[in-house]
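Report on the structure given below.
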Amino acid sequence: MPELPEVETVVRTLRPQLVGQTIRAVWSSGLPLRMRRRVDEAAMRTACIGARVGAVARRAKYILVELERRGRATGTLLIHLGMTGRLRVEARRAPKAKHTHVVWTLSGGNQLRFLDSRRFGWVLAAPDVHGLPELARLGPDALARLDGEAFAQGLAKSSAPIKSFLLDQRRIAGLGNIYVCEALFRARIHPRTPARRARGKARPLLRAIRETLELGIANCGTSFRDFVDANGEPGTNLDALLVYGRTGEPCQRCGTPIRRSVDGGRSTFFCAGCQRR
DNA sequence: AAAACACCCTGCCTGC
DNA sequence: TGCAGGCAGGGTGTTT
């Protein structure tokens with residue numbers, strides 16, 4: 001479900017509720033999550049119980065809850081929301097909603113809860129998560145200061161459609177289907193353009209990506225179906241989308257009806273007038 | 001090595 | 001009202 005702006009929104013709403021809290025207990029449903037992997041409850045307990053939350057950060061679409069003991073960093077709780085993952089902070093006595101898979105009890109009397117109906121999300125805790133392949137293979141964060149020249153060189157070496165290129169988290173990390181469609185529209189690049197042919201547009205494309213993501217964050221995320229932040233609030237970015245989900249509506253730049261195609265099994269929205277092959 | 005595809009899972013919406 | 005089919009913003013492993 002969530003892409004970079006949604007994850008950033010969750011992190012921002014989570015941070016004030018978690019930092020300074022000590023984790024007292026951990027529970028998990030035992031059901032398998034992403035790739036049929038179960039949460040390693042023993043490792044989770046070892047890393048979390050008695051630890052204090054020092055910071056809450058984001059790397060691409062991952063949430064990092066930094067743990068410390070006696071003021072020293074001792075580990076990280078790593079969370080990926082997948083498609084339908086949600087984090088909520090609720091009173092300990094509040095009933096556990098359906099699809100609750102992990103619960104961390106906090107010193108203040110609340111619980112952090114991870115819910116995920118489709119179970120495409122992932123949760124783990126470890127002393128050092130940075131060497132894990134999940135994080136190690138990520139490309140530069142899409143909101144980091146990106147090197148336009150390096151990005152252009154990456155484009156030049158790939159024949160994949162530009163949409164696939166941008167969705168590949170090893171190239172640039174944090175974009176998903178919605179924001180890729182939006183960024184390509186802003187940059188006037190057809191989604192099926194071979195990456196190497198978009199090389200000359202590397203800088204405008206990076207600018208479009210940044211604008212798209214910053215707008216998404218300013219609007220607290222896109223709530224297309226059911227995205228909500230850690231307080232249960234939906235974002236308002238749906239209204240700001242220019243092409244995604246707008247099949248048949250006139251392009252806001254040229255009036256051509258927005259088209260939908262399917263690429264690699266995923267919906268693509270674009271304007272055939274502005275985004276020429 | 002890179003690109004294309006199948007797969008993981010539930011919920012919701014559409015059309016019959 | 002029920003049911004089948006299609007669709008969904010994620011990543012990963014396997015095949016080509």
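Remember, predicted model here, so these are calculated numbers, not experimental data. Numbered from 1 within each chain, the chains take letters A, B, ... in sequence-line order.
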Answer with base, sugar-phosphate or nothing: what part of the nucleic acid does A:Y179 contact at a heavy-atom distance below 4.0 Å?
nothing

For A:K98, report the nucleic acid contact type (base, sugar-phosphate, nothing); a contact means any heavy atom under 4.0 Å.
sugar-phosphate

Is A:R113 positioned over the aromatic face of A:W104, cation under 6.0 angstrom from the ring centre and no more than 45 degrees off axis?
no

Sort out the partner of C:dG9 for me: Watson-Crick or G-U wobble, both distances under 3.5 Å, none otherwise.
none

In whole angstrom, what separates A:R170's CZ from B:dA3's C1'?
10 Å

Please give, in whole Å, the distance from B:dC8 P to A:L31 CG?
16 Å

Quick one about A:S117 and A:H99 (side-chain donor to acceptor, distance below 3.5 Å, no hydrogens or angles considered), yes or no?
no

Please determine whether a side-chain nitrogen or oxygen atom of A:S159 lies at a distance below 4.0 Å from atom OP1 or OP2 of B:dA3.
yes

Do A:T222 and A:Y244 have a side chain donor and acceptor closer than 3.5 Å?
no

Is it the case that the side chains of A:N237 and A:E6 hold a donor-acceptor pair, with the cut-off being a distance below 3.5 Å and no angle test?
no

A:F185 six-ring face occupied by A:R253 cation (under 6.0 Å, within 45°):
yes

Between B:dC5 and C:dC7, how many Å separate the two P atoms, rounded to a whole number?
16 Å

CG of A:L166 versus P of C:dG9: gap in Å, rounded?
16 Å

Going by an N to O cut-off under 4.0 Å, is there a salt bridge joining A:D229 and A:R12?
no

For atom CZ of A:R119 and atom P of B:dT10, their distance in whole Å:
5 Å

Taking atom C1' in both C:dG9 and B:dA3, what distance in whole Å separates the two?
22 Å

Check this one for me: any side-chain N or O of A:S158 less than 4.0 Å away from OP1 or OP2 of B:dA3?
yes

Rounded to whole Å, the CD-P distance (A:E182 to C:dG9) equals 13 Å

With the sugar-phosphate defined as primed atoms, P, OP1 and OP2, and the base as all remaining atoms, what B/S/- string results for nucleotides 11-16 of chain C, 5' to 3', for protein heavy atoms under 4.0 Å?
BSS---

Identified pairing partner of C:dT16, criterion: Watson-Crick or G-U wobble below 3.5 Å:
B:dA2

Ignoring backbone atoms, establish whether A:H99 has a side-chain N or O less than 4.0 Å from OP1 or OP2 of B:dC9.
no

Does A:R59 have more than 12 heavy atoms from other residues, nucleotides or ligands lying within 6.0 Å of its CZ?
yes

Could you tell me the separation between the CG atom of A:L4 and the P atom of C:dG10, rounded to a whole number of Å?
11 Å

Categorize A:R171 for me: base, sugar-phosphate, or nothing, with a 4.0 angstrom heavy-atom threshold over every strand shown.
sugar-phosphate

Distance-only polar pair, side chains of A:E182 and A:T212, donor-acceptor under 3.5 Å:
no

Integer-rounded Å distance: C:dC7 P and A:R118 CZ
13 Å

May I have the distance from A:R36 (atom CZ) to B:dT10 (atom P), rounded to whole angstrom?
11 Å

